[in-house]
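Here is the structure we will look at.
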Protein chains: 2
Amino acid sequence: MTRTRFTAQERHGQLVTAALQAFALGGYAGTTTDQVARLAGVSQPYVIRLFGSKQELFLATVRHAGDQIEMKWRAAAAEEPTLRGLGHAYKELLAERELLIVLLHGFGAAEDPAIGEAVRSCYGNLYTVVRELTGATAEEARDFFAMGMLITVLGAMRVLGPDAVEPQPWMADILGTLPRPDTD
Amino acid sequence: MTRTRFTAQERHGQLVTAALQAFALGGYAGTTTDQVARLAGVSQPYVIRLFGSKQELFLATVRHAGDQIEMKWRAAAAEEPTLRGLGHAYKELLAERELLIVLLHGFGAAEDPAIGEAVRSCYGNLYTVVRELTGATAEEARDFFAMGMLITVLGAMRVLGPDAVEPQPWMADILGTLPRPDTD
DNA sequence: GTGATTAGTTATCAGCGAATAACAACCACG
DNA sequence: CGTGGTTGTTATTCGCTGATAACTAATCAC
């Protein structure tokens, strides 16, 4: 059985992708490096070898998530450089909830200084990018991010998104007010 | 050395208070029952005895946080039954960040069915209560909670609150738009 | 006071999880 | 072909963590 070998760079990417899935589900402390390893089809010690530590793996994952979101927004702004335009991109982000939820977990783990630093830097960058792309005022940007956080949290709670639970009355109530995610 | 004994009920309360502090810092998976026990000045096995399991302890903590927030809002509404009135109560909630942050951790841990259920029930209750107390429309309530989530997350990130980090330009930018938390 | 109940402890375990060490396969290239 | 660097593995360790068991001590009812 001749194993397919990848370059360290390729594995790095694969592992970050796997880590995104895993950490989005379990959070930083709640996810094991072995889960990530299995998801990527690699042995656990190799994950540690490539990233040095679990924390470094998480940091890489958070940075990756930030970069991905930034990319999506830049792409969206190329078509419609307004908050409304970026809001549409949020649709897709919610469909693959992992990017947003991993950031959410980062916020939760911000007690750890290294993680806190990474997560603030990531969020600050996104804020700056959004304002640059759309020319929004500080108030508008704030509202944009506030709504984004609400949506992210609703997604994490399974009120919103692909694997949402049976909707309760109050959920329908909130969902009804959201910028319709199903129409164009 | 004659130990002071408490009723199980009293210990229960003390432990939930300690758990609130501990879980707010470390999250569900990132906090040990021993940390909670030490914080309450009790042995770790006793915590398990009283609550049955770590998960039950966390659930009790989340429910407690929800109840506390509801109480604060009811008290605030007694003076000014508007969203603005409840917004003022948010000030105090942020000062003792634990209540909000523990809920945030609950959202992150919502993958666990039991925790997800508890956290949705808690959030749904708060939403209903806020609308009842203020007579706000669904849109207004949504905006209120969105802003609340933003503030909570900024608190978790140490952008806002007692132990905030050295402010970066983008932080000052956002903070400047927030309903001034320092004035009346 | 004494027996039963309730509040708490110490001792211990079984399993997990991150990290290390040592080894093995693969590939490039002179 | 063989040698050195790169990609990976398996074996192992050691600290931690939730949970159980068995025991101790304060308090209550009468």
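Here is the naming used below: chain letters follow the sequence lines, and residue numbers restart at 1 for every chain. Values in this document were obtained by computation on a predicted structure and should not be read as measured data.
The CG-C1' distance, from B:L15 to C:dG8, rounds to 12 Å in whole Å. Atoms CZ (A:R5) and P (D:dT7) sit 7 Å apart, rounded to a whole Å. For the pair B:Q9 CD and C:dA7 P, the computed distance is 10 Å after rounding to whole Å. Rounded to an integer number of Å, the gap from A:D112 CG to C:dA18 C1' is 15 Å. With rounding to whole Å, B:L57 atom CG is found 15 Å from D:dT17 atom P. With rounding to whole Å, B:H12 atom NE2 is found 16 Å from C:dT6 atom C1'. Regarding B:Q14, its CD atom lies at a distance of 13 Å from the C1' atom of C:dG8, rounded to whole Å.
Residues passing the ring-ring contact (aromatic ring centres under 6.0 Å, His included) test with B:F144, sequence neighbours excluded: B:W73.
Side-chain contact, B:T82 with B:E80: a donor N or O sits under 3.5 Å from an acceptor N or O. Between the side chains of B:Q9 and B:T7, no donor-acceptor pair of N or O atoms lies under 3.5 Å.
Each of B:F6 and A:D34 lies near DNA chain C, and the nucleotide nearest B:F6 is the one positioned closer to the 5' end.
Judged as a side-chain hydrogen bond (donor to acceptor under 3.5 Å, both in side chains), not a single pair has a partner in residues 112-121 of chain B (not counting sequence neighbours).
Non-hydrogen atoms lying under 4.0 Å from DNA chain D are contributed by A:V42, A:S43, A:P45, A:Y46, A:R49, all within residues 38-54 of chain A.
Phosphate contact (OP1/OP2 of D:dG18, side-chain N/O of B:T33, threshold under 4.0 Å): present.
For A:F51 and A:F58, the distance between ring centers is not under 6.0 angstrom.
Note that B:K72 lies outside the cation-pi zone of B:Y90, set by a 6.0 Å cut-off to the ring centre and a 45° limit from the axis.
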